[in-house]
Amino acid sequence: AMDTDLSSQDRKDLDKFIKFFALKTVQVIVQARLGEKICTRSSSSPTGSDWFNLAIKDIPEVTHEAKKALAGQLPAVGRSMCVEISLKTSEGDSMELEIWCLEMNEKCDKEIKVSYTVYNRLSLLLKSLLAITRVTPAYRLSRKQGHEYVILYRIYFGEVQLSGLGEGFQTVRVGTVGTPVGTITLSCAYRINLAFMSTRQFERTPPIMGIIIDHFVDRPYPSSSPMHPCNYRAGEDNGAVYPSVEDSQEVCTTSFSTSPPSQCVFTVTKAHFQTPPPVVTDTLKVPVMGLAFSHQLSSSRLSYQPAALGVGSADMGYPVLFAGGLNAAHPHQLIGPGKEGGVPPIPSQPAHGTQADQERMCTPLDGVHYSAATPSSSEDTETVSNSSEGKCGSPHDLLETIFVRKVGAFVNKPINQVTMANLDIPFAMFAPKNVELEDNDPMVNPPDSPETESPLQGSLHSEGSSGSSTGNTHDDFVMIDFKPAFSKDDILPMDLGTFYREFQNPPQLSSLSIDIGAQSMAEDLDSLPEKLAVHEKNVKEFDAFVETLQ
Amino acid sequence: PLSTRCCGPPGAAPAMNCRAEVLEVSVEGRQVEEAMLAVLHTVLLHRSTGKFHYKKEGTYSIGTVGTQDVDCDFIDFAYVRVSSEELDRALRKAVGEFKDALRGSGSDGMGQISLEFYQKKKSRWPFSDECIPWELWTIKVNVVNLANEQERQICREKVGEKLCEKIINIVEVMNRHEYLPKMPTQSEVDNVFDTSLKDVQPYLYKISYQITDSLGTSVTTTMRRLIKDTLAL
């Protein structure tokens with residue numbers, strides 16, 4: 001009976017708003033946990049595809065996951081959309097950090113104008129979400145992810161599960177928007193006890209298939225855990241991989257009327273876009289190494305099995321996104337369910353949350369190939385209802401190698417066994433081979449006197465002479481055998497040794513000097529009576545000034 | 001309702017229907033700018049829309065607002081601001097002047113900066129337009145001096161946490177969905193919004209500040225230029 005008060009057009013609009021609001025909410029949250037600074041441009045002319053008048057890019061895979069979790073439903077009473085953010089260490093331990101909940105309650109606001117007020121308030125709520133996602137503890141953690149841990153996300157629909165957040169979790173409300181069919185609320189429950197690293201309060205789950213995988217094995221394999229990594233290299237995707245919106249790109253063209261509010265004209269046109277959905281690359285500062293799943297996660301993927309997924313049964317996810325690690329030795333491999341056996345197809349329950357591993361932010365020293373992550377492999381065997389999703393092309397076609405490096409440090413070996421030859425640095429050929437890094441490191445064992453044989457000697461010193469005399473003037477040690485990256489003299493005219501010496505002995509900061517501080521305060525105190533006198537004398541001027549402002 | 005002429009001295013009591021929010025922070029001198037920018041940008045993020053494009057029949061469309069992350073150098077904190085260089089410049093200028101005034105002689109490190117949103121109401125000649133504030137944000141600042149690096153490091157973290165709380169407070173206020181000026185017709189848009197920027201459209205606002213001198217009395221140090229500019233008289 002309540003719904004009949006809402007015109008059918010309004011109802012349709014409202015449903016659409018809520019749906020896209022949910023999708024944008026997920027994008028904002030996941031993008032805020034990518035570990036990168038987000039930057040989108042303002043545009044004075046509406047493009048027609050910027051929902052809620054905000055430039056929020058759509059990472060196709062995130063939209064895909066969100067739509068899968070929603071499975072055509074909208075948040076309603078008792079059916080909330082949740083985005084779970086968790087952290088996973090390189091040892092495979094994981095911990096839930098936050099649950100973002102988009103809920104609907106029964107409190108209806110019948111009077112509110114859907115196409116105008118609700119829309120604008122949803123826009124405001126998204127702005128609040130942008131702000132709040134930067135102030136919970138997980139933000140700082142996600143900015144530092146990469147080496148020791150990664151941040152994963154999981155979307156599920158149904159009942160909110162907060163038990164994984166530990167005791168004493170806190171809640172922050174992002175905001176609410178009343179609508180004629182209920183009040184939308186957006187909030188975040190976040191763990192405050194982050195001491196898990198030391199106390200290991202969480203459990204490591206057993207490997208699913210009984211395979212023991214070495215962390216750093218350079219070998220792709222299927223992920224059975226449905227967690228997704230937060231940072232993506234989704235730029236290489238095109239529309240063929242994921243339709244960004246079901247069936248076609250829905251264009252949000254908003255027109256507002258300023259004549260009496262009741263005449264608001266809101267047009268939403270459904271256009272069939274052949275162009276690819278907005279890609280993330282140009283705005284997200286995705287690291288050069290691109291992403292994808294680093295091998296270091298491989299083992300954790302296999303071993304991780306969420307204890308409680310909240311809904312549904314065995315949520316054996318499938319790797320939605322990733323490409324197996326690649327390096328010169330291994331050809332591109334994509335992992336897909338069924339390809340490595342044992343991974344069951346996805347149950348078609350809408351509440352099923354999918355998870356895939358998170359990929360780390362790679363640094364050059366990770367030294368593995370990364371290729372554009374594509375979900376294509378999983379798409380092929382996906383059995384989730386959503387047959388409207390297009391079939392994608394061969395995964396291999398869509399792969400792009402973002403970065404090619406030799407297997408680098410910290411892969412396959414514990415750190416101290418890295419040899420100089422494995423470091424992808426300039427002049428690596430000059431570095432002694434097969435020597436323990438530590439022993440060879442002049443920072444640890446400074447040479448007693450500079451050697452003159454090294455061809456680099458001259459280039460490292462600004463004088464450019466090949467003589468060794470300049471080396472003798474340095475107090476400490478001279479970097480000779482250690483060829484740090486980027487130390488070519490055409491880029492840095494100053495050599496590393498000089499720089500190191502200089503920064504070791506910085507000049508004393510003047511603000512730290514107590515004398516000056518005390519002095520200026522004394523001066524201030526002394527000058528006060530004079531200043532007061534001056535101000536009193538100028539009272540008339542001040543008054544005149546104030547007059548001119550009236 | 002009582003309305004205050006916005007040409008009055010800054011810091012005058014807002015009109016009766018003007019919402020006023022006060023935030024307080026204690027920061028180190030070098031953190032003043034970033035902390036102020038974080039708060040002001042967060043408020044303006046919520047109080048800016050895309051550019052309006054009026055079409056026939058009184059309808060209008062709205063441009064798109066982009067956003068970007070800003071990392072602070074002196075505070076363990078990051079915030080989101082609207083992607084508009086013009087707006088950022090305007091805020092930085094105001095905050096820079098505030099910081100200089102705080103550091104200047106006669107100040108014991110206490111002051112406040114205010115961000116006021118107002119609407120213009122046209123009056124008939126010979127009366128000049130009235131400015132009616134509808135929301136006033138005041139940030140009270142207390143500058144502390146620290147003795148050593150260890151204290152500075154703690155301050156970085158503590159101020160970062162405090163700012164997180166402030167952002168949450170701001171969002172709470174925004175979420176109340178209280179009074180906002182009615183969406184204006186084309187002829188009225190400049191009475192509600194600042195349409196001078198090329199990429200975004202904040203509500204009309206002005207920034208002013210006060211420094212408390214050592215004797216505890218307020219000495220208003222608002223730059224005339226600031227006032228004139230924002231009033232565009």
Side-chain angles (χ1 to χ4, degrees), chain A residues 36-47 50 53-56 116 120-121 123-125 127-128 130-136 139-140 143 172-178 253-259 261 263 265 283 511-512 517 520 523-525 527-528 531-532 535 545-546 548-550, chain B residues 5 7-9 29 42 45-46 49-55 57-71 76-80 82-84 105-106 108 145 148 160 163-165 167-168 170-172 174-175 177 182-186 188 198-200 213-215 219 224 227:
Chain A
E36 285 283 320
K37 283 162 70 164
I38 305 300
C39 179
T40 59
R41 303 240 305 250
S42 300
S43 154
S44 83
S45 326
T47 61
D50 290 325
N53 308 119
L54 284 173
I56 298 171
Y116 175 72
N120 286 333
R121 287 188 181 175
S123 175
L124 197 69
L125 188 51
K127 291 173 179 173
S128 295
L130 282 163
I132 297 287
T133 42
R134 273 65 178 174
V135 306
T136 53
Y139 180 72
R140 296 186 60 75
R143 290 293 301 270
V172 60
R173 167 186 274 202
V174 182
T176 62
V177 173
T253 313
T254 60
S255 265
F256 295 91
S257 168
T258 54
S259 4
Q263 283 176 23
V265 169
T283 53
S511 61
L512 286 182
S520 65
E523 278 171 8
D524 285 347
L525 285 176
S527 64
L528 271 180
K531 290 206 179 97
L532 275 178
H535 287 320
F545 171 65
V546 169
T548 65
L549 301 175
Q550 301 278 353
Chain B
R5 296 176 70 100
C7 325
T42 300
L45 167 68
H46 290 81
T49 75
K51 298 281 293 176
F52 281 14
H53 297 276
Y54 286 90
K55 303 183 279 212
E57 297 154 10
T59 61
Y60 62 96
S61 59
I62 305 182
T64 298
V65 171
T67 58
Q68 56 189 205
D69 279 308
V70 181
D71 285 341
D76 288 346
F77 185 72
Y79 60 93
V80 175
V82 164
S83 287
S84 164
S105 57
D108 67 348
N145 293 311
N148 59 50
L163 284 177
C164 289
E165 285 172 32
I167 303 303
I168 294 175
I170 293 170
V171 163
E172 266 166 14
M174 298 298 179
N175 179 57
H177 300 305
K182 212 168 60 166
M183 283 300 143
T185 57
Q186 190 165 13
E188 293 280 303
K198 68 177 197 309
D199 43 16
V200 297
D213 71 12
S214 325
L215 297 183
V219 177
R224 178 193 296 199
I227 298 176

Ranking S45(A), S128(A), S123(A) by heavy-atom pairs under 4.5 Å to chain B gives rank one to S128(A)

Answer key: most heavy-atom pairs under 4.5 Å with chain B among L125(A), I132(A), I56(A) is I132(A)

D50(A)/T64(B) under side chain to side chain donor-acceptor pair (under 3.5 Å): CA gap, chis, key distance, verdict
CA-CA 7 Å; D50(A) 290 325; T64(B) 298; 2.9 Å; yes

Interface residue of largest heavy-atom contact number with chain A, from T42(B), T49(B), D71(B), V80(B), under 4.5 Å
D71(B)

Considering only heavy atoms and a distance below 4.5 Å, find which of H46(B), E172(B), Q68(B), K51(B) pairs most often with chain A.
H46(B)

Contact origin within H53(B) toward chain A - heavy atom pairs under 4.5 Å:
side chain

Portion of D76(B) that has a non-hydrogen atom of chain A nearer than 4.5 angstrom
both

For side chain to side chain donor-acceptor pair (under 3.5 Å), just list the numbers for K531(A) and S527(A), CA-CA rounded to whole Å, side-chain angles, deciding distance to a tenth of an Å, and then say yes or no.
CA-CA 6 Å; K531(A) 290 206 179 97; S527(A) 64; 3.0 Å; yes

Can you say whether the rings of Y79(B) and F77(B) are parallel (under 30°), tilted (30 to 60°) or perpendicular (over 60°)?
parallel

Quick one: are T67(B) and K127(A) in side-chain contact, heavy atoms under 4.5 Å?
no

N53(A) vs V65(B) side-chain heavy atoms within contact, under 4.5 Å:
no

